[in-house]
Structures are given as C-alpha cells and as structure tokens.
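Take a look at the structure set out below.
Reckoned from all heavy atoms, side chains included, excluding hydrogens, waters and symmetry mates. Every number for a ligand or one of its atoms is a count from 1 in the order of the listing. This one's a predicted model, so the numbers in the text were calculated from it and none came from an experiment.
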Amino acid sequence: MNNINICIAGLGNVGSALVHLIEKNSELVNNKSGLNINVIGLSAKNKTKKRNFNIEKYFWVDDPMQLLSIRGKRPDVMIELIGYEKDISYELVKSALNQKINVVTGNKAMLAMHGNELFNIAEKNKVLLLFEAAVAGGIPIIKTIKNNIFLNKINKISGILNGTTNYILTTMESEDKSFEDVLIDAKQKGFTSDHESKLDIGGYDAAHKLTLLTSLAYGSQVDFEVNEIEGIEKITIEDIKFAKQLGYRIKLISECSFIEGKLYASTKPKLISKENPIANTGGALNAIIVETDQLKNLYLEGEGAGGFPTASSVLSDIFEISYSSNYKSLGFAQSKLVKYEKYNSSDLETKYYLRIRVKDKPGVLSMITSYFNDANISVEKILQFPDNNSEYIPILITTHKIKSSELLSSIKKIENLDFVFENISAIPIDC
Ligand code: HSE
C-alpha cells in the first residue's frame with residue numbers, strides 16, 4: 001500500500017500533533033517508506049478551536065460516524081483519538097472494524113474493557129486494530145513485544161506506565177509539596193484533567209495499559225478484572241521523605257508475570273531502591289523493564305504522554321498497516337488466547353515499609369515488636385523520630401520478606417491499640 005487514506009476522529013493534543021506531523025514530515029515519510037498518507041476526513045468536538053494546522057484544508061464532519069464513508073469512499077485506516085471508554089469511541093471503532101476498515105487507537109480504557117470483542121471482529125474481518133499509542137505514549141513497547149521479542153518467553157514486565165502519577169510523586173519529593181498541591185500543578189501543566197485524574201491517580205489508567213501488555217506477553221484474553229489496583233492517593237510527603245532516608249523512592253509500579261499457571265497483574269505504589277534505574281525515572285516519563293528467558297533486563301524509557309510522542313506511535317501503526325498482511329493485532333491468533341485464573345498475591349513474599357504514628361510513651365516500641373514476633377515477622381530495620389511539637393511520633397519499620405496476608409493481619413491488630421494514632425502506612429519494597 002503506497003497511498004494510504006486515513007480519517008482522524010478526535011483532535012486534542014495527540015490528534016492535532018498527528019495532523020501537524022503528517023504535514024511536516026510528508027517528504028521524510030515518503031523517502032523512507034514510499035508511503036503517502038492522505039488525511040481524507042477529520043472530526044472533533046469543536047471545529048473552531050485554535051490548532052497548529054489549518055483546519056480549512058481538510059474535509060470536516062461534525063459526526064465522527066460520517067468518517068466511515070467520505071464522499072462514498074471508505075478510508076484505509078480510521079484513527080480513533082477521542083478517548084472515551086464507551087459511547088462514540090467504541091461505536092466508531094466497532095463500526096469501522098465491521099466495515100473492514102483498519103483502526104489505530106490510543107484508547108487504552110476502551111481496549112482494556114472491550115478488547116476481546118473488538119480484536120475478535122478485527123481478526124474475523126482481516127483488518128488490524130493497532131494501539132501502540134495506548135501504552136506508554138511514545139515508547140514502542142507494543143511492537144517490541146509483538147515483533148521483536150515475541151518468540152522469547154517473557155518472565156516479567158514491570159515499570160511506570162502513568163506519567164501523571166510519576167510527575168506528582170517526583171515533584172512532591174523535589175519541591176517538598178503535598179499531594180493535593182502537586183495535583184493542582186499537574187492539571188495546570190496539562191498532564192491530567194479533572195476527568196482523567198481519577199483514572200490516573202487511582203492507578204486505573206496504568207492498569208488499562210498493563211491489561212494490554214499481559215495479553216501481548218502471555219496470550220491471555222483481555223481481562224481487566226485480573227488487575228490488582230491501588231493508586232497513589234494515600235502517599236504522603238512524609239512517606240516520600242522517609243523512603244528517601246532509607247535509600248528508596250516511591251513509584252507507582254505496574255507489573256505482570258505468570259505464577260504457577262496463573263496471571264499476576266498489579267499496579268500499586270512501591271518503594272524502589274535508588275540503585276534501580278526505575279527509581280530515577282523522573283517527571284512525566286514512563287519506563288518499562290522486560291525480563292525474558294533470553295534478555296535479562298530490557299529497559300525502555302521515554303515520554304509516556306503528550307502530543308508528539310504519542311502521535312509518533314500512531315504514525316508507526318499507520319506504517320505497520322501499510323505493509324502488514326498478518327492480521328493478528330495482539331500477536332497471538334484470537335483462538336489461542338486463554339482466560340487464565342488470577343494469582344492470589346497474598347501468597348507473594350515481599351519486604352515492606354511501615355510507618356506507624358504512635359503516642360510517645362514507654363513500652364510502645366516493645367509492644368509493637370511483640371506483635372511482629374508473635375506473627376513470626378522478621379524486622380529488618382526500625383527507626384523512631386522524636387517530635388517536640390507533637391505527642392505523636394512516627395516509627396519506621398522495614399521488614400524482611402513476608403506474605404502480605406500475614407502482615408495485614410498483624411497491622412490490623414496494631415492499628416487497634418490505643419496509642420496508635422492513624423492507619424498504618426504499609427508499602428511493599430522492591431530492590
Ligand atoms: N494520562 C496518561 C498519563 C497519559 O498520565 O500517563 C495518556 O496515557
């Protein structure tokens with residue numbers, strides 16, 4: 001395919017950057033690939049919004065469904081960058097696939113929730129549904145797994161898949177600000193919005209992305225329910241500072257692996273040793289480590305969000321459509337995908353960081369450690385910080401490896417003691 005006709009639905013940061021990129025780089029794209037990308041139709045909520053290209057040069061429709069046929073002509077590729085999980089995004093993508101039109105989307109929420117149905121339709125109709133832009137913005141993680149290392153046995157994928165939360169955690173540390181203050185700042189900088197922030201902060205956006213990676217890596221059906229999800233709402237500046245003193249940074253880590261024939265997919269805050277490059281991935285960057293039977297540590301880091309980085313991923317999908325006659329959008333044939341049982345992570349052994357705020361009186365420390373002794377929990381380090389301005393002081397504890405189920409039951413007992421001021425902060429540690 002040398003001439004490729006595309007329609008774009010959604011002209012926010014990414015959609016607008018894509019049109020701009022296609023205009024700016026048309027010669028480069030043609031020289032490198034022989035490809036002419038023609039934008040034959042555009043649609044977005046607001047035609048008159050100021051954009052970095054001249055909208056009058058393009059055929060415009062108010063209703064994105066009209067992009068399915070432009071003057072009686074079907075596009076080769078429908079680019080969906082509207083971004084709702086359901087409604088018009090889903091309707092448009094499903095209709096396009098049903099009409100044998102290839103689709104490129106950045107919509108991870110839609111794919112995590114409705115991917116099984118949509119990938120099935122794509123395969124049945126011999127078209128592609130590609131989504132490089134849906135995971136980690138400009139980092140080419142989908143093609144890396146699907147093409148480059150597809151024949152490796154993937155042991156584990158882990159990393160930072162959400163730029164907004166990484167920006168918040170990094171800035172809380174560097175500017176000594178509270179979570180709430182940095183969230184306002186992140187919204188002002190355009191990293192997130194009122195609507196998106198719930199998905200970002202709650203860990204759901206990262207879990208949507210991880211859902212797609214688990215399918216690619218393990219041939220599992222697209223199953224959002226398999227995820228264990230915890231956001232960063234409860235992380236305080238105090239935790240960040242204490243973690244730093246102990247040689248760690250707190251990061252929202254998404255990870256998936258296959259344990260005892262079951263799928264483990266988790267997104268939660270973790271303490272990461274400063275020796276680990278992931279701990280030094282700052283600002284709104286994303287980073288992913290893939291461990292396989294052949295590659296110990298494949299590390300990819302880059303811009304996980306934003307107009308041009310994400311448009312770069314969309315463009316790579318348009319290019320893939322131009323040359324691929326392999327209609328397996330998820331790498332695996334749909335018939336090979338398996339619904340795996342969820343691994344119960346309470347059996348996983350991990351080290352923990354605990355922050356316990358207690359009344360500063362004799363006997364408190366020994367009482368707490370006696371509960372750990374009873375539960376056979378081995379303490380690695382224990383620190384107590386005096387505070388002349390408060391009758392409550394923080395005690396920090398790091399444990400040796402322990403099953404989370406056993407730790408949680410001791411935590412509950414300790415939280416009920418009358419000298420304990422608030423819920424205990426418990427965060428797993430990765431070295
Ligand atoms: N809201 C996402 C993030 C960007 O902050 O990473 C788009 O995936």
Side-chain angles (χ1 to χ4, degrees), residues 9-18 79-85 89 93 104-113 115 130-143 157-172 179 182-214 216 222 224 227 229-233 235 250-255 267-269 278 281-288 300-317:
L11 292 171
N13 274 348
V14 181
S16 297
L18 179 64
I79 316 278
E80 187 277 312
L81 297 169
I82 303 171
Y84 298 131
E85 179 218 312
S89 306
V93 168
V104 171
T105 180
N107 193 334
K108 56 261 167 183
M110 175 187 69
L111 293 180
M113 296 302 180
L130 299 185
F131 54 96
E132 186 68 72
V135 183
I139 301 178
I141 183 65
I142 304 298
K143 287 183 189 63
I157 299 178
S158 58
I160 298 169
L161 298 180
N162 184 269
T164 300
T165 43
N166 203 41
Y167 174 79
I168 292 175
L169 293 171
T170 310
T171 311
M172 280 170 77
F179 171 80
V182 184
L183 175 58
I184 295 170
D185 174 30
K187 284 185 188 169
Q188 279 165 354
K189 289 209 160 68
F191 292 131
T192 190
S193 62
D194 284 339
H195 161 70
E196 283 171 344
S197 65
K198 289 191 188 76
L199 296 178
D200 288 327
I201 290 157
Y204 300 101
D205 174 78
H208 288 146
K209 296 166 179 168
L210 189 68
T211 305
L212 296 168
L213 294 183
T214 51
L216 279 172
V222 179
F224 184 69
N227 288 282
I229 307 169
E230 195 183 310
I232 63 160
E233 306 92 330
I235 303 295
I250 300 180
K251 296 286 179 189
L252 183 67
I253 298 294
S254 299
E255 56 191 320
T267 292
K268 60 174 75 139
I278 286 269
T281 299
L285 292 181
N286 283 191
I288 305 169
L300 299 170
E301 183 185 75
E303 289 148 279
F308 286 108
T310 313
S312 146
S313 288
V314 174
L315 203 55
S316 79
D317 281 347

Donor-acceptor pairs under 3.5 Å, side chain of residues 306-313 to any protein atom, not counting sequence neighbours: which ones?
residue: Thr310; atom: OG1; partner: Gly306; partner atom: O; Å: 2.7
residue: Ser313; atom: OG; partner: Gly137; partner atom: O; Å: 2.6

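Remark: Lys187 NZ to Ser197 OG distance equals 4.0 Å, nearest 0.5 Å. For the atom pair CG of Asn107 and NE2 of His208, the computed distance is 9.0 Å after rounding to the nearest 0.5 Å.
Contact shell of ligand 1 (protein heavy atoms, cutoff 4.0 Å): Lys108, Asn162, Gly163, Thr164, Asp200, Asp205, Lys209, Ala305.
Using a 3.5 Å distance cut-off with no hydrogens or angles, the side chains of Thr105 and Glu80 do pair a donor with an acceptor. No side-chain donor-acceptor contact under 3.5 Å links Ser316 and Glu132. Of the N and O atoms on the side chains of Thr211 and Asn227, at least one donor lies less than 3.5 Å from an acceptor on the other residue.
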